[in-house]
Amino acid sequence: MISLNGPFSLEHTLLCGQFFRFRREARADGNWFFVMNGPALIKARQTQEGLEYDAVNAGEHDIRRLFGLDHDLPSILSSIQKDDHMREAVSKYAGLRVMRQDPWQCLVSFMCSSNANIPQINRMTTNLAARWGTPLELDGFSTKAFPTPEQLRGASLQDLLSCGLGFRAKFVHELCSNQPDFDELRRMSYADAHEKLMEIDGVAEKIADCVSLFALEKMEAFPTDVWVERAVRELYFNGENVSTRKAREFGRQYFGEHAGYAQEYLYYWRRMKDVKQAKQV
DNA sequence: TTCCAGGGAATCA
DNA sequence: TGATTCCATGGA
C-alpha cells in the first residue's frame, strides 16, 4: 500500500491519453488496473487508504515515480490555474498526474501516435509487445512487456507493417538501430533535449514534446495536437484560427514552468467534452 | 463515401 | 517561415 500525500486519481492519470499500455480488469475483489511500463507489470487500484498494488520488476519507489506521486500537485495546480477554464478542468479531473514513463516505450508509442487515434495506438503497441516482448505474469494476468530496443531490432520493416504501423513502420525500424541516450537527454535542458529528439526521423515538435513531458520530466513542454490546438483556439483566441506553433508558444508562455500539466488537463477536458456530446446524440 | 485521428516529411512559394 | 499534399489504417 502506497500512502498518498496530495490529490491523486489513478483512473484519470491512466485514461487521459498520456499512456497506452494498461488494461482494466473486473475481478471478484473489485476493479484493478494492470499497467505495463518498460519491463514492469503493476497491478493497482485506489482505495481510501491509498494506492494498493502488486508488481513484478518494480518496487514502491518505481511506482511512485511512474505515477508522479512525488510531484507537489497542489503547488503545480495553483501555478497553472490562471483562469476559470483551467480551474474547471482541474476540478473536473482532480488528481490527474503527469506520468514518468519508460522513455523507450514512450518514444516508440508516440511515434506510432502520428496521425492515429488512441485505439489505433493501443493496437500498434499491443501488437509490438505481443510479438517481441518478454512474457509477464502477475496474479493470473498474462501479458508481454514492451519490447526492448534489442528485441525490436529483430523486427523487419515488413514485420512492423504487419503490426499495423503503416507509414510509421520505417521510422520505428530506423530508430531501433540508432536509439537515443535517454540518460543524457534527461540531464539536458528542455530546449536541448527537445532539439536532440527532433533529429530523429519521424519525430518533430509534437512528439518531441510528448517524450520530453511524459518521460524526461520536462514540465515546461506543451505538446500541441489537434485537441490542444482546438482548446487553445476556443478558450484563448476567441475561436479564431491559430497555427499549431502559435498555440504551443502561447501555452508555454501563459502557463509557465508547469505548462505540461496545464496541457494535459486541457487535452483531457477538451477531448472528453466531445466524447460526452457524442454519447448524448 | 467521406472524414478524422495525441503528425511528420517533402515540396513549393 | 508558411501553406499544401501525401503518407497507411481503421472506425464512425
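- Set against B:dG6, B:dA9, B:dA5, the side chain of A:Phe171 has B:dA9 as its closest nucleotide.
- Applying the 4.0 Å criterion to OP1 and OP2 of B:dA5, one finds that A:Arg230 has a side-chain N or O inside that range.
- Taking only side-chain atoms of A:Ala204, from C-beta outward, the nucleotide of B:dG7, C:dG10, B:dA9 with the closest atom is B:dA9.
- Atom CE of A:Met272 is separated from atom P of B:dG6 by 12 Å (rounded to the nearest Å).
- In summary, A:Glu11 and A:Arg24 engage in a salt bridge, as defined by a charged side-chain N under 4.0 Å from a carboxylate O.
- Across the protein-nucleic acid pair, A:Asn115 atom CG and B:dG6 atom P stand 10 Å apart, rounded to whole Å.
- Separating the CZ atom of A:Phe167 from the P atom of B:dG8 is a distance of 10 Å, rounded to the nearest angstrom.
- Atom CD in A:Gln120 sits roughly 10 Å away from atom P in B:dG7 (whole-Å rounding).
- For the pair A:Trp104 and A:Phe146, the minimum side-chain heavy-atom distance is below 4.5 Å.
- Counting non-hydrogen atoms under 4.0 angstrom, A:Cys16 reaches a base of the nucleic acid.
- Side chains of A:Tyr236 and A:His85 form a contact here, defined as non-hydrogen atoms less than 4.5 Å apart.
- Residue-level contact check: A:Gly202 touches the backbone only, with heavy atoms under 4.0 Å from sugar-phosphate atoms and none from bases.
- Whole-Å rounding puts the A:Phe222 CZ to B:dG7 C1' distance at 17 Å.
- Across all strands shown, A:Val228 has heavy atoms under 4.0 Å from base atoms, whether or not it also approaches the sugar-phosphate.
- When the P atom of B:dG8 is taken as reference, atom CZ of A:Arg168 falls 11 Å away, rounded to whole Å.
- Interface remark: the A:Ser114 side chain does form a donor-acceptor pair with the B:dG7 base, using a distance-only criterion of under 3.5 Å.
- Put simply, A:Tyr267 rests on the base of B:dG6: the two rings are less than 5.5 Å apart at their centres and nearly parallel, under 30°.
- Counting any heavy atom pair closer than 4.0 Å across all strands shown, A:Glu264 reaches a base atom.
- Contacts of A:Phe19 with the nucleic acid, taken as non-hydrogen atoms under 4.0 Å apart, are absent.
- Comment: A:Arg64 engages A:Glu60 in a salt bridge, judged by a side-chain N to carboxylate O separation of less than 4.0 angstrom.
- Put simply, A:Arg271 has a side-chain N or O that comes within less than 4.0 Å of OP1 or OP2 on B:dG6.
- In this entry C:dT1 has B:dA13 as its Watson-Crick or G-U wobble partner, both defining distances falling under 3.5 Å.
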* Between A:Phe110 and A:Phe20, does a ring-ring contact (aromatic ring centres under 6.0 Å, His included) hold up when you go through it step by step? -> CA-CA 9 Å; A:Phe110 278 98; A:Phe20 305 101; 5.2 Å; yes

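- For the pair A:Ile118 CD1 and B:dG6 P, the interatomic distance rounds to 5 Å; values are reported in whole Å.
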